Each structure stands twice: as C-alpha cells, then as structure tokens.
Amino acid sequence: MQWAACRSNMFILNRVLDRDARSCEDHSLSSYGALVPLIAEYSTNARAYYGLVEVYDSDAYLGDDESLQRSRTQVVAGNGYHLYLQASQRDIEVQVTIRIWDTPQRPPRGTEGTTPVSLESETGQLVVSAPTSGSAGVMDLPRPGAYNGHAAWSGREATAAYYNTCIQRGAEEQWEAEQIGAAWRKCPTTEHYTLDLWFVRESEPEDDWDE
C-alpha cells in the first residue's frame, strides 16, 4: 500500500511539473529570476490607413496633434490617454498585441525598436483603431487605471521593402485592384506592434468644472 501511494504521489508530481513547464511560455522572468505571470493578452489586425493605428481609452476619442507629429519620428508616441503607432506603409494589415503584466517588465529582445509608453483608461477598455476604417477591436483591461510600459515593434523594415516593391511592380505592370489586394495579403512578413503594460495606480478623478 505504501508503494502504491508513493507511485501515485510521483505521478501527480510529474503532472504538476509538466504543467508548470508548459505554462512557462506565459511568464516572464523578473529581475530576481522569479516567474511573473502574464495577466491578460489581446491581439488584433488593423489596416493602417494613412499609415496610422491608434490605441486609446474608449472615452479618450479626441486626438492629439503633438503626439501624432512625434509618432512620425519615434514610431510610437502618446499623451497618456491616446497612443499613435506609425506604420511603415498604409495598405498591408499590421498586428497589434497588448499584454498586461503583474509587475514591470524589461523591453523584449530581438525587436527593431522600443520606447516607453503610458496609458490611462478610466473605462477599463482600450480601443485599437485606424483612421477612416474604424475600430479594429476592443480589449477589456483587468482593472481601470493608469498603466506604464513600453511599446516594441518588428517587421517594419521588411514589410516596407515588400510594399515598395509591389508599388513599383504594380505601376510597371499596370496591376488591377484584385492583383494589388492579393499582393497585400501575400506579404511574407508581419508588421507587429506590442504594448507591454502593468498597472501603476487608480485613475485620478476628473476636475469638477461646475465649481
């Protein structure tokens, strides 16, 4: 009986270790080497009309010209409520991923660039949108409030090179609209923008304009 119980315990332990090993891909190492859980993740595709994708709180629909201008040189810029992601082209869909972490994270490796960002969402909902095409998706945050983090991007250079090659070929060979659309869908790389965020505080109450 003792041997059977021992074998049963070992079986359970192995199952637990196997489960933990598989779940490591949803964790990140903190500065202390401990596993930090990924709380939430959302991903969507958006066609970057005019080369722009926006991420903002569902109530922060007003734009910010200064942040928009800065995004043209920084790739990603914002004002705390509204982020602008400047794509490398204007017709091929880009992928936007938002990840919410339990603690601050290091910027990811192997990307083409990163920059610090912050977003405050009083509603607890973040909208991913592109001008003229409307909302590409909505992410429900674990809780409303202010989040710090960083934006990272990859695939911009390769996607831009493919896009420019197609534009040139299309002009020379007089492609029809169907051929152009098929070329965009066949892009061999993905232009990808990732927002890694973590909660830092509750939203500050709005000023009472009646006083």
Side-chain angles (χ1 to χ4, degrees), residues 25 41-58 60-100 105-119 126-139 147-197:
E25 62 186 25
E41 181 171 0
Y42 175 80
S43 188
T44 187
N45 292 334
R47 187 175 177 185
Y49 286 99
Y50 301 106
L52 191 66
V53 176
E54 303 170 51
V55 180
Y56 51 87
D57 176 62
S58 59
Y61 51 86
L62 294 179
D64 179 64
D65 290 339
E66 182 180 347
S67 298
L68 173 60
Q69 291 296 329
R70 285 192 288 113
S71 73
R72 291 171 178 165
T73 56
Q74 296 178 198
V75 181
V76 178
N79 61 1
Y81 291 90
H82 205 123
L83 279 180
Y84 293 93
L85 318 179
Q86 194 71 225
S88 67
Q89 42 73 40
R90 60 179 61 191
D91 291 301
I92 301 173
E93 285 190 343
V94 304
Q95 184 176 4
V96 178
T97 298
I98 304 172
R99 302 188 296 196
I100 308 299
Q105 301 293 297
R106 300 189 185 99
R109 298 178 181 178
T111 63
E112 294 177 5
T114 65
T115 188
V117 296
S118 62
L119 268 177
L126 292 180
V127 177
V128 181
S129 179
T132 74
S133 63
S135 172
V138 177
M139 179 186 187
Y147 291 77
N148 286 344
H150 41 71
W153 51 91
S154 60
R156 293 184 86 252
E157 296 178 4
T159 303
Y162 176 83
Y163 179 81
N164 292 331
T165 298
C166 289
I167 290 293
Q168 183 176 353
R169 284 190 57 192
E172 293 173 352
E173 301 172 12
Q174 298 182 343
W175 285 358
E176 299 290 339
E178 293 78 6
Q179 291 174 283
I180 296 174
W184 300 155
R185 292 189 294 272
K186 292 179 181 178
C187 182
T189 59
T190 300
E191 187 168 348
H192 193 189
Y193 298 84
T194 302
L195 303 179
D196 286 303
L197 306 172

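Residue numbers start at 1 and run along the sequence shown. What you are looking at is a predicted structure, and each value in this text was computed from that prediction instead of being measured.
- For the atom pair OG1 of T114 and CZ of R109, the computed distance is 12.5 Å after rounding to the nearest 0.5 Å.
- Side-chain atoms of R156 do not come within 3.5 Å of backbone N or O of E191 as any donor-acceptor pair.
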Requested in this report: Give the intermediate values and the outcome of side-chain contact (heavy atoms from CB on, under 4.5 Å) for residues T159 and Q89.
Outcome: CA-CA 8 Å; T159 303; Q89 42 73 40; 4.0 Å; yes
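- With rounding to the nearest 0.5 angstrom, the OG atom of S58 is 13.5 Å from the CE atom of M139.
- The shortest distance between side-chain heavy atoms of I92 and Y162 falls below 4.5 Å.
- Atoms OG and NE2, on S43 and H192 in that order, are 5.0 Å from each other to the nearest 0.5 Å.
- Residues L195 and A151 share a closest heavy-atom pair of CD2-CB, 3.5 Å.
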Report task. Quick one: do V75 and E112 satisfy side-chain contact (heavy atoms from CB on, under 4.5 Å)? Show the steps, please. Result -> CA-CA 11 Å; V75 181; E112 294 177 5; over 6 Å; no
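- Contact annotation: the side chain of V117 never approaches that of L119 to less than 4.5 Å [non-hydrogen atoms, C-beta and beyond].
- Put simply, the side chain of Q86 reaches to within 4.5 Å of the side chain of L52, judged on heavy atoms.
- Closest heavy-atom contact between A183 and W175: CB-CZ3, 3.8 Å.
- In this structure, the side chains of S67 and R70 come closer than 4.5 Å at one or more pairs of heavy atoms.
- By the 6.0 Å contact criterion, CD on Q69 is enclosed, its count of non-hydrogen atoms from other residues, nucleotides or ligands being greater than 12.
- Side-chain contact between R99 and T194: present, with at least one pair of heavy atoms (C-beta onward) separated by less than 4.5 Å.
- Atom CG of L126 is separated from atom CG of D57 by 6.5 Å, given to the nearest 0.5 angstrom.
- Remark: E172 CD is packed, more than 12 non-hydrogen atoms of other residues, nucleotides or ligands lying under 6.0 Å away.
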Requested in this report: Could you give me the CA-CA distance, side-chain angles and deciding distance for W153 and V76, then say whether side-chain contact (heavy atoms from CB on, under 4.5 Å) is met?
Outcome: CA-CA 9 Å; W153 51 91; V76 178; 3.9 Å; yes
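- Residue H82 holds its NE2 atom at 8.5 Å from CG of D64, rounded to the nearest 0.5 Å.
- Between the H150 side chain and the P108 main chain, no donor and acceptor come within less than 3.5 Å of each other.
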Query raised in the report: Can you list the steps and then say if D91 with I180 is a side-chain contact (heavy atoms from CB on, under 4.5 Å)?
Result: CA-CA 10 Å; D91 291 301; I180 296 174; over 6 Å; no
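- By the neighbour-count criterion of 12 heavy atoms within 6.0 Å, atom CD of E176 is sparsely surrounded, having that number or fewer from other residues, nucleotides or ligands.
- A donor-acceptor contact shorter than 3.5 Å links the side chain of T44 to the backbone of A136.
- With no hydrogens or angles considered, no side-chain donor-acceptor pair links Y84 and R72 at under 3.5 Å.
- Pairing each heavy atom of W184 with each of I167, the nearest pair is CH2-CD1, 3.9 Å.
- Using a 4.5 Å heavy-atom cutoff, the side chains of E41 and T97 are in contact.
- Y163 places none of its side-chain heavy atoms less than 4.5 Å from the side chain of S88.
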